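Written below as structure tokens is the structure these notes are about.
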Amino acid sequence: MTFLKWLDENIESILLIMLSILTVVVVFTQVFMRYILDSSLVWSEELARYAFIWMIYIGVSYGVKRQAHISVDAVALLFKRKGKFILGLCANIAFLTFAVILTYFSFEVVVQVTRSSPALDIPMQWVYAAPMVGLMLTAIRVIQRMKIQIDIFKSGE
């Protein structure tokens, strides 16, 4: 149970750090190879692009978890505690619906992709799975956020 709690608290952070390090190392190596050694790697740009795509979708989940996404709170300022709670809950339900629908359609795309990447020769399903995985994590984080919202509202804070 401790491992699952740790994983819940750290999965996005670890993935984002690993993908960031991978991207920086690959791009630095490519720049070094091209300008210092006058040679280049065929696969580096492709790997950096795919890592960046994964970072974007994992980052959406991380942003939900940390409540770091930009939001407009002008309407919420018009309401008292209960109105703010209902408005926040409606926003989270809309975001959850969006994430679930996109996860479903992303899955359909992943199932249909049959080709491999040109330089790395990896199945493109791995690349196309980024939105599916990221938005699935996002849906989980939105549900967690809604539970926290409900608990705070019930406690009267």
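For this chain, numbers begin at 1 and follow the sequence in order. Values in this document were obtained by computation on a predicted structure and should not be read as measured data.
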Can you name the residues that form a salt bridge (charged side-chain N to carboxylate O under 4.0 Å, His left out) with Arg49, not counting sequence neighbours? Glu45
Atom OH of residue position Tyr50 - does it have more than 12 heavy atoms of other residues, nucleotides or ligands inside 6.0 Å? yes
If two hydrophobic side chains count as joined below 4.5 Å and joins carry through other members, does Leu135 share a cluster with Ile11? no
Between CG of Leu37 and CZ of Phe32, what distance do you get to the nearest 0.5 Å? 4.5 Å
For residues Leu7 and Tyr62: do they belong to one hydrophobic cluster (side chain heavy atoms under 4.5 Å, members Ile, Leu, Val, Met, Phe, Trp, Tyr)? yes
Taken to the nearest 0.5 Å, the spacing of Met146 CE from Leu89 CG works out to 4.5 Å
Would you kindly confirm whether Met124 and Val109 end up in one hydrophobic cluster when ILVMFWY residues are joined by side chain heavy atoms under 4.5 Å apart? yes
Identify the two heavy atoms, one from Ser13 and one from Arg66, that lie closest to each other, and give their separation to 0.1 Å. OG-NH2, 4.3 Å
Decide if atom CZ of Phe85 counts as having more than 12 heavy atoms of other residues, nucleotides or ligands within a radius under 6.0 Å. yes
Phe95 atom CZ, neighbour heavy-atom count above 12 within 6.0 Å: yes
Name the atoms and distances for all side-chain donor-acceptor pairs under 3.5 Å in residues 17-31, with sequence neighbours left out.
unit_1: Ser20; atom_1: OG; unit_2: Leu16; atom_2: O; d: 2.8
unit_1: Thr23; atom_1: OG1; unit_2: Leu19; atom_2: O; d: 2.8
unit_1: Thr29; atom_1: OG1; unit_2: Val25; atom_2: O; d: 2.6
unit_1: Gln30; atom_1: OE1; unit_2: Leu41; atom_2: N; d: 2.9
unit_1: Gln30; atom_1: OE1; unit_2: Ser44; atom_2: OG; d: 3.1

Would the distance check show the side chain of Arg145 and the main-chain N or O of Lys65 forming a donor-acceptor pair, the cut-off being under 3.5 Å? yes
Group every Ile, Leu, Val, Met, Phe, Trp and Tyr by side-chain heavy-atom contacts under 4.5 Å, then state whether Ile101 and Phe107 land in the same group. no
side-chain contact (heavy atoms from CB on, under 4.5 Å) for Tyr57 and Val133? Distances and angles first, verdict last. CA-CA 8 Å; Tyr57 288 103; Val133 172; over 6 Å; no
State whether the number of non-hydrogen atoms from other residues, nucleotides or ligands found under 6.0 Å of Phe153 atom CZ is greater than 12. yes
Which heavy atom in Ala130 sits nearest to a heavy atom in Ile53, and how many Å separate them? CB-CG2, 3.9 Å
Less than 4.0 Å between a side-chain N and a carboxylate O, is that true for Lys147 and Asp151? yes
Phe52 side, atom CZ; Ile56 side, atom CD1 - distance, nearest 0.5 Å: 4.0 Å
Nearest 0.5 angstrom please: Leu77 CG to Leu87 CG, how far? 10.5 Å
Side chains of Gln125 and Val111, heavy atoms from C-beta outward: is any pair under 4.5 Å? no
What is the distance from atom NZ of Lys5 to atom CD of Glu9, rounded to the nearest 0.5 Å? 3.5 Å
Do Met132 and Phe105 sit in one hydrophobic cluster, given that two such residues count as connected whenever their side-chain heavy atoms are within less than 4.5 Å of each other, even indirectly? no
N/O donor-acceptor pair under 3.5 Å between Glu46 side chain and Ser117 backbone: no
Tell me which donor-acceptor pairs under 3.5 Å the side chains of residues 136-143 have, and how far apart each pair is, sequence neighbours excluded?
unit_1: Thr138; atom_1: OG1; unit_2: Ser61; atom_2: N; d: 3.4
unit_1: Thr138; atom_1: OG1; unit_2: Gly134; atom_2: O; d: 2.8
unit_1: Arg141; atom_1: NE; unit_2: Glu12; atom_2: OE2; d: 2.7
unit_1: Arg141; atom_1: NH1; unit_2: Asp8; atom_2: O; d: 3.2
unit_1: Arg141; atom_1: NH1; unit_2: Asp8; atom_2: OD1; d: 2.6
unit_1: Arg141; atom_1: NH1; unit_2: Gln144; atom_2: OE1; d: 2.7
unit_1: Arg141; atom_1: NH2; unit_2: Asp8; atom_2: O; d: 2.5
unit_1: Arg141; atom_1: NH2; unit_2: Glu12; atom_2: OE1; d: 2.8
unit_1: Arg141; atom_1: NH2; unit_2: Glu12; atom_2: OE2; d: 3.3

Stepwise side-chain contact (heavy atoms from CB on, under 4.5 Å) check, Trp6 with Ile14: CA-CA 11 Å; Trp6 180 86; Ile14 290 170; 3.1 Å; yes
